[in-house]
**Student:** 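Handing you a structure now.
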Amino acid sequence: MQDLKALRDDPEAFDRALLRRGASAQSSELLALDSGRRTAIAAAETALAERNAASKAAGAAKGKGDEAEFTRLRDLVNAKKDEIAALEAAARDAEARLKARLETLPNTLLDSVPDGPDETANREARRWGAPRAFDFKPLEHFEIPAARGLDFEAAGRLSGARFTILRGGIARVQRALGQFMLDTHLNEHGLQEIWSPVLVKPETLYGTGQLPKFAEDSFETTTGHWLVPTAEVTLTNLVAGQILEPGVLPLRFCALTQCFRSEAGSAGRDVRGILRQHQFEKVEMVSVTTPEDSLAEQARMTDCAENILKKLELPYRVMELSAGDTGFGAQRTYDLEVWLPGQDMFREISSVSVCGAFQARRMNARFRREVEGRPEFVHTLNGSGLAVGRTLIAVLENGQQADGSVKLPATLSPYLGGATLLTAEGTLG
RNA sequence: GGAGAGGUGGCGGAGUGGUCGAUCGCGCCGGUCUCGAAAACCGGAAUACCUGCAAAGGUAUCGUGGGUUCGAAUCCCACCCUCUCCGCCA
């Protein structure tokens, strides 16, 4: 949610920010809505104040036994009842219309974000690791013999397209990846492990910005719950409605959860393999910080994600997303793109975003600097650390060998009973 | 799923139609006392929005949303959540 004060203070800057996003300028419309809203509130509150005063006087009259005065005041209030109700309704309506507009506006980008309409304008910040030289043509992950445990036929029978079943060794490798990531974040990065529901109330999705604008991207159940598209939703909303006491920030959470996405609008894209699924696993990191610490926290969080890739010996590059490619709730996003030799390209495996107070305003999440201090909105950040299914792809494609087996990263072997290989038969060895 | 109880300020806990935004206790902040502290005593302190340069005033908030009433923390309805017992269950 955008800050209304920022709009009032500097409408031109507000519009410039929207234009960078490829949206149209709307400060004048919003200011008109805001002005109408304030007028309506003032009118309604004046009427209410009159009513309250009359009611109070009526009570006093009744107490004194002055029936005539009581009746006069009661009738006075009754006569104005419809008018008050109308004024209140008008005020509520004006408020709702402004809110409806504000809640669909994207976050304001930081100045450092590169201009540009889409991913072609993303800026590469750095690279790590050299892509391996192959003496055979590297296969895509679902073509590798060692990945024969990917059972798309069975998943199709059970659940339909964009689902998969993992059988045998590959299932354990995925599990090892998730555990390894979590342990690394806990032991080396100081994050707090969270286990959370994956079904949440709609207001929880609203808090992080998935609703109301992106309802079609998530699954809603018959009970009115929603399946989380990312643990960002649950982790971030842990502070929703809270006023955090001095000294508790920063909060740093991580969780390994299932994520569910409808993938509406991506029909035909990435249909082969497990790159884009309706259900996948992800280790998510969320930090809640003071306003002055959030930018540094984004760098820290990116380091945490990069550290996972380094330990897995997976080459990657860091991209600063352009204005047009940055997500709705983010001020700035760094994507980590892992090298996939089978696809012969870098693919997104993590996305680390700083959201400023954008989500905090939606969630009403605040903190105090001092015990008696005024509450201020916190800043929130989220980042994948990492997408487990996509990491599995990267491990398969980067570790594949001419004989159809996959050499696994050494760092995983403690999680695999010492195994270092996924054989061409799909077993651990 | 059935039956019952309950949700009040940081916490505990009063308050069943009228100066109640809310008694009181604890905790918190400031002060007096003290070499200093404790104790005691005195004072202070919610959040959001609206008007206003400000001082200040107004409106709303006692789980949430409606309703009744001149007037609702108090009465009615729905929903959410918690607890107890029963049933079912990983």
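In what follows, every chain begins at residue 1, and chains take the letters A, B, ... in the order their sequences are listed. Quick caveat: nothing in here was measured; it's all calculated off a predicted structure.
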**Student:** List in chain and number order the residues that pass side chain to side chain donor-acceptor pair (under 3.5 Å) with Arg366(A), two or more places apart in sequence or in another chain; answer none if no residue qualifies.
**Tutor:** Asn364(A)
**Student:** Between atom CE in Met1(A) and atom P in A48(B), what is the gap in whole Å?
**Tutor:** 16 Å
**Student:** What pairs with Lys99(A) under side chain to side chain donor-acceptor pair (under 3.5 Å), at least two apart in sequence or on another chain?
**Tutor:** none
**Student:** Let me check something: any side-chain donor-acceptor pairs from residues 46-56 of chain A under 3.5 Å, sequence neighbours excluded? List them with distances.
**Tutor:**
residue  : atom : partner  : partner atom : Å
Thr46(A) : OG1  : Ala42(A) : O            : 2.7
Glu50(A) : OE1  : Lys80(A) : NZ           : 2.7
Ser55(A) : OG   : Arg51(A) : O            : 3.2

**Student:** For A14(B) versus A73(B), give the span between their C1' atoms, rounded off to a whole number of Å.
**Tutor:** 12 Å
**Student:** Now, which nucleotide makes the Watson-Crick or G-U wobble pair with A73(B), with each of the two distances under 3.5 Å?
**Tutor:** none
**Student:** Across all strands shown, which nucleotide pairs with U51(B) by Watson-Crick or G-U wobble geometry, both distances under 3.5 Å?
**Tutor:** A56(B)
**Student:** Using atom P of each nucleotide, how far apart are A37(B) and G30(B) to the nearest Å?
**Tutor:** 12 Å
**Student:** With rounding to the closest Å, how many angstrom separate the C1' atoms on G17(B) and G71(B)?
**Tutor:** 8 Å
**Student:** Check residues 145-160 of chain A and write down every donor-acceptor pair under 3.5 Å in which the side-chain atom is one partner and the other belongs to a residue at least two apart or another chain.
**Tutor:**
residue   : atom : partner   : partner atom : Å
Arg148(A) : NE   : Pro145(A) : O            : 3.3
Arg148(A) : NE   : Ala424(A) : O            : 2.7
Arg148(A) : NH2  : Ala424(A) : O            : 2.8
Asp151(A) : OD1  : Glu153(A) : N            : 3.2
Asp151(A) : OD1  : Ala154(A) : N            : 2.8
Asp151(A) : OD2  : Arg167(A) : NE           : 2.9
Asp151(A) : OD2  : Arg167(A) : NH2          : 2.8

**Student:** What's the NZ-P distance between Lys64(A) and U19(B), to the nearest Å?
**Tutor:** 16 Å
**Student:** Under a 3.5 Å cut-off for both distances, is U61(B) Watson-Crick or wobble paired, and to whom?
**Tutor:** A46(B)
**Student:** So, using side chain to side chain donor-acceptor pair (under 3.5 Å) as the criterion, who are the partners of Thr230(A) when residues are at least two apart?
**Tutor:** Lys282(A)
**Student:** Taking Asp217(A)'s backbone N and O only, do any of them form a donor-acceptor pair with Ser262(A)'s side chain (distance below 3.5 Å, no angle check)?
**Tutor:** yes
**Student:** Map Ile243(A) and Asp34(A) onto RNA chain B by nearest heavy atom, then report which one ends up closer to the 5' terminus.
**Tutor:** Ile243(A)
**Student:** Is there a donor-acceptor pair under 3.5 Å between the side chain of Arg276(A) and the backbone N or O of Val271(A)?
**Tutor:** no
**Student:** How many whole angstroms separate atom CZ of Arg38(A) from atom P of A48(B)?
**Tutor:** 17 Å
**Student:** In Watson-Crick or G-U wobble terms, both distances under 3.5 Å, what is the partner of G6(B)?
**Tutor:** C81(B)
**Student:** When rounded to the nearest Å, what value does the distance between P atoms of C11(B) and C50(B) take?
**Tutor:** 27 Å
**Student:** Could you work out, with side-chain contact (heavy atoms from CB on, under 4.5 Å) as the rule, every residue matching Lys311(A), not counting sequence neighbours?
**Tutor:** Phe180(A), Thr184(A), Glu188(A), Asn307(A), Thr411(A)
**Student:** Any strand is fair game: report the nucleotide pairing with A40(B) by Watson-Crick or G-U wobble, both distances under 3.5 Å, or none.
**Tutor:** U32(B)
**Student:** What does G1(B) pair with, Watson-Crick or G-U, if both distances are under 3.5 Å?
**Tutor:** C86(B)
**Student:** Say we look at G18(B) and G13(B): how far apart would their P atoms be, to the nearest angstrom?
**Tutor:** 25 Å
**Student:** Quote, to the nearest angstrom, the P distance that separates C80(B) from G44(B).
**Tutor:** 43 Å
**Student:** Which letter, B, S or -, goes with each nucleotide of nucleotides 57-71 of chain B from 5' to 3', with contact meaning a protein heavy atom under 4.0 Å?
**Tutor:** -BBS---------BS
**Student:** In chain order, what residues pass the side chain to side chain donor-acceptor pair (under 3.5 Å) check against Thr302(A), with sequence neighbours excluded?
**Tutor:** none
**Student:** Under a 3.5 Å cut-off for both distances, is C11(B) Watson-Crick or wobble paired, and to whom?
**Tutor:** G25(B)
**Student:** If the P atom of A22(B) is compared with that of G27(B), how far apart are they to the nearest Å?
**Tutor:** 23 Å
**Student:** Please state how far atom CZ in Arg366(A) lies from atom C1' in U47(B), giving the value in whole angstrom units.
**Tutor:** 6 Å
**Student:** For the backbone of Val113(A) and the side chain of Arg20(A), can you confirm whether one donor and one acceptor N or O come within less than 3.5 Å of each other?
**Tutor:** yes
**Student:** For nucleotides G87(B) and A78(B), find the distance between their C1' atoms and express it as a whole number of Å.
**Tutor:** 26 Å
**Student:** Is there side-chain contact between Pro250(A) and Ser287(A), with at least one heavy-atom pair below 4.5 Å?
**Tutor:** no
**Student:** Tell me which residues in residues 93-103 of chain A lie within less than 4.0 Å of RNA chain B, going by non-hydrogen atoms.
**Tutor:** none
**Student:** Measure from CG on Leu87(A) to P on C50(B) and round the result to the nearest Å.
**Tutor:** 17 Å
**Student:** Under 4.0 Å, heavy atoms only, any strand: does Arg72(A) hit a base, just the sugar-phosphate, or nothing?
**Tutor:** nothing
